[in-house]
There are 2 protein chains.
Amino acid sequence: MNERSNPQREGSSAEASANAIVFIVEDDVSMRRSLTNLFQSVGLDVVAFGSAREMLQSKLPDVVSCLVLDVRLPGLSGLEFQTELAKSNIHIPIIFITGHGDIPMSVRAMKGGAVDFLTKPFRDQELLDAVIAATERDRKRREADQTVANLKSLFETLSPREQAVMKLVATGLMNKQIAAELGLAEITVKIYRGHVMKKMRARSLADLIRMTETLGIRSNRPEQT
Amino acid sequence: MNERSNPQREGSSAEASANAIVFIVEDDVSMRRSLTNLFQSVGLDVVAFGSAREMLQSKLPDVVSCLVLDVRLPGLSGLEFQTELAKSNIHIPIIFITGHGDIPMSVRAMKGGAVDFLTKPFRDQELLDAVIAATERDRKRREADQTVANLKSLFETLSPREQAVMKLVATGLMNKQIAAELGLAEITVKIYRGHVMKKMRARSLADLIRMTETLGIRSNRPEQT
DNA sequence: AGAACAACTATACCTACGTTTGTAATGCGC
DNA sequence: GCGCATTACAAACGTAGGTATAGTTGTTCT
């Protein structure tokens, strides 16, 4: 029951989101088809499902995307699905649509991080605006995640001792203090520190410190900030 | 039309929010009174108003607080008030309550950063939970703001030249590069750099770098991170 | 005019950082 | 057993960072 778009795109206001995929989970066939057409008409790729289960079973491609989700669904409800996705660490931005919603539902959805919550009938442009906002959010999140992942993989190329030295460097200790802390000679710390700089591709200490910040690396801080 | 509580507090589940003020903007007198009683009964201080204008005209004390706001109000509506507060850079967390709300209202409120959006009738505990969440959010925001403000005031004790040196140190340049950049002798940079460390109360370079991060100080970065 | 302060530099000296070269023990996988 | 990564240290050397002392110039306040 998937309607995969042909990967054509026709520009228009969705240009910034070109290559983005819009997932649709909507049990009503005619609604699903009209949503699909709407998104394809502005050059977005579409993958549509009839239920939450179907989407969970399919393998989600790792590209910028968002999810247009009906609240009322057979099986798992839209709100339950949102919770499930969060539990599974799937952070796709969600736009809810519904014909029979109420305020507590919309509040729960928004508290859960939804981008928008639209009630039928809505104007096409409203939904498109929400989708553009959602894909933009996803793009930014992916960018940030990528940065952290890159740093993390660099960090993991460090030997345990090198990682330990990096942590203590990040807290602002001098080489001799690090040596004392780890029961090493100062010269050894210097050498490991050099390895850290090379392997982390840090051009300066300032650079390295910022890396530890984005990695969330800090030991017992003898600093205040 | 203000009902100020006596500063008694009776513990209970609101203990973590002791000393917090709950602002109420609600035109219905009996509702306002019952809300006031509810919050006072758990030891919260209360300041109540009958309209948005009244609250805007009063001087808001600089303490942890939140706002319980009726959506339907004479004059400025609750949602408009939320927008106004944001424009005025007043970041008090808002809990909306309403008897005649709809989904678009609640979505707009939540998009605007509201903590919750409750429909009458609601259980007392629901509102209290929301108030506790809201004051906690305010406490954290204030804490973060305070940190930045402290650093900013330290930074402003630096002479223009010292500030410039600090910026370039933060980007990871060596003293001689900084000197070239600013048209100074290296020795001068060293001395200003020493001043920077003392005046900013930084115990190490790592410490100083982190300060520049929370201050958002960076020049043209010849670094990547 | 004189005091006070900022910006700026020089000489001298010391400490901290970093790299190179070389040595050596340990443990792991094939 | 052989190769390899890891851990560890030493000697030697060069660079970078940091401070103290002392002095110049210019502005501003009184």
Side-chain angles (χ1 to χ4, degrees), chain A residues 152-213 217-219 221-225, chain B residues 152-213 217-219 221-225:
Chain A
K152 200 165 286 181
S153 73
L154 284 181
F155 183 69
E156 275 157 10
T157 66
L158 300 179
S159 75
R161 277 314 215 185
E162 288 164 352
Q163 292 188 359
V165 168
M166 178 165 164
K167 274 184 203 174
L168 295 175
V169 167
T171 66
L173 297 187
M174 288 186 305
N175 286 344
K176 62 174 136 185
Q177 295 174 307
I178 296 171
E181 195 80 22
L182 299 176
L184 296 176
E186 189 182 348
I187 183 66
T188 309
V189 172
K190 286 182 179 180
I191 290 168
Y192 290 173
R193 189 168 175 162
H195 294 170
V196 168
M197 294 300 283
K198 274 192 196 66
K199 290 188 180 178
M200 295 302 292
R201 288 170 206 164
R203 299 184 188 175
S204 63
L205 181 57
D207 208 1
L208 191 74
I209 301 296
R210 277 190 284 267
M211 288 178 182
T212 62
E213 286 295 290
I217 291 172
R218 242 163 297 167
S219 67
R221 58 179 83 173
E223 317 260 340
Q224 84 289 11
T225 301
Chain B
K152 200 164 285 181
S153 73
L154 285 180
F155 184 69
E156 276 157 10
T157 67
L158 300 179
S159 76
R161 276 314 213 183
E162 288 163 352
Q163 293 188 358
V165 168
M166 178 165 164
K167 275 185 199 172
L168 295 175
V169 167
T171 67
L173 297 187
M174 288 186 305
N175 286 343
K176 62 173 133 185
Q177 294 174 307
I178 297 171
E181 195 81 21
L182 299 178
L184 296 176
E186 189 181 347
I187 183 65
T188 309
V189 173
K190 287 182 179 181
I191 289 167
Y192 289 174
R193 189 169 176 162
H195 294 169
V196 168
M197 295 299 284
K198 273 192 198 65
K199 290 188 180 176
M200 295 301 292
R201 289 171 207 163
R203 300 181 188 178
S204 63
L205 181 57
D207 207 1
L208 191 75
I209 301 296
R210 277 191 283 268
M211 289 178 183
T212 62
E213 286 296 289
I217 293 172
R218 241 164 300 166
S219 67
R221 56 179 83 175
E223 317 258 341
Q224 84 289 14
T225 300

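Proteins get letters first, then strands, A, B, ... in listed order; numbering begins at 1 in each.
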Nearest heavy atoms of Asn175(B) and Lys190(B), plus distance in Å: ND2-CG, 3.6 Å
In whole Å, what is the span from the CD1 atom of Ile178(B) to the P atom of dA16(D)? 12 Å
If you compare all heavy atoms of Thr171(A) against all heavy atoms of Ser204(B), which two are closest, and at what distance to 0.1 Å? O-OG, 4.3 Å
Rounded distance (Å) that lies between atom P of dT6(D) and atom CD of Glu156(A): 14 Å
Looking only at heavy atoms, the pair that brings Met197(A) and Leu205(A) closest together is CE-N, 3.9 Å
Would you list the protein and nucleotides 27-29 of chain C atom pairs, both N or O, that sit under 3.5 Å from each other?
none

Check whether any side-chain heavy atom of Met166(A) sits under 4.5 Å from a side-chain heavy atom of Leu208(A), and report yes or no. yes
Looking only at heavy atoms, what is the nearest atom pair of Leu184(B) and Arg161(B), with distance? CD2-NH2, 3.8 Å
In a check of side-chain hydrogen bond (donor to acceptor under 3.5 Å, both in side chains) between Glu162(B) and each of Arg193(B), His195(B), Lys167(B), which one passes? His195(B)
Criterion side chain to side chain contact (heavy atoms under 4.5 Å, CB included) on Val196(A) and Val169(A), from CA distance to verdict: CA-CA 10 Å; Val196(A) 168; Val169(A) 167; over 6 Å; no
Please write out each protein N/O paired with an N/O of nucleotides 5-7 of chain C under 3.5 Å, distance rounded to 0.1 Å.
from   : atom 1 : to        : atom 2 : distance (Å)
dA7(C) : OP2    : Ser159(B) : OG     : 2.3

Would you say Ile217(B) and Met211(B) make side-chain contact, with heavy atoms under 4.5 Å? no
Indicate for each nucleotide in nucleotides 10-20 of chain C, in 5' to 3' sequence, whether protein heavy atoms under 4.0 Å reach the base (B), only the sugar-phosphate (S), or nothing (-). BB----SBBB-
For Met200(B) and Leu158(B), what are the C-alpha separation, side-chain angles and deciding distance, and is it a side chain to side chain contact (heavy atoms under 4.5 Å, CB included)? CA-CA 8 Å; Met200(B) 295 301 292; Leu158(B) 300 179; 4.1 Å; yes
Ignoring hydrogens and geometry, is there a side-chain-to-backbone donor-acceptor pair from Gln163(B) to Phe155(B) under 3.5 Å? yes
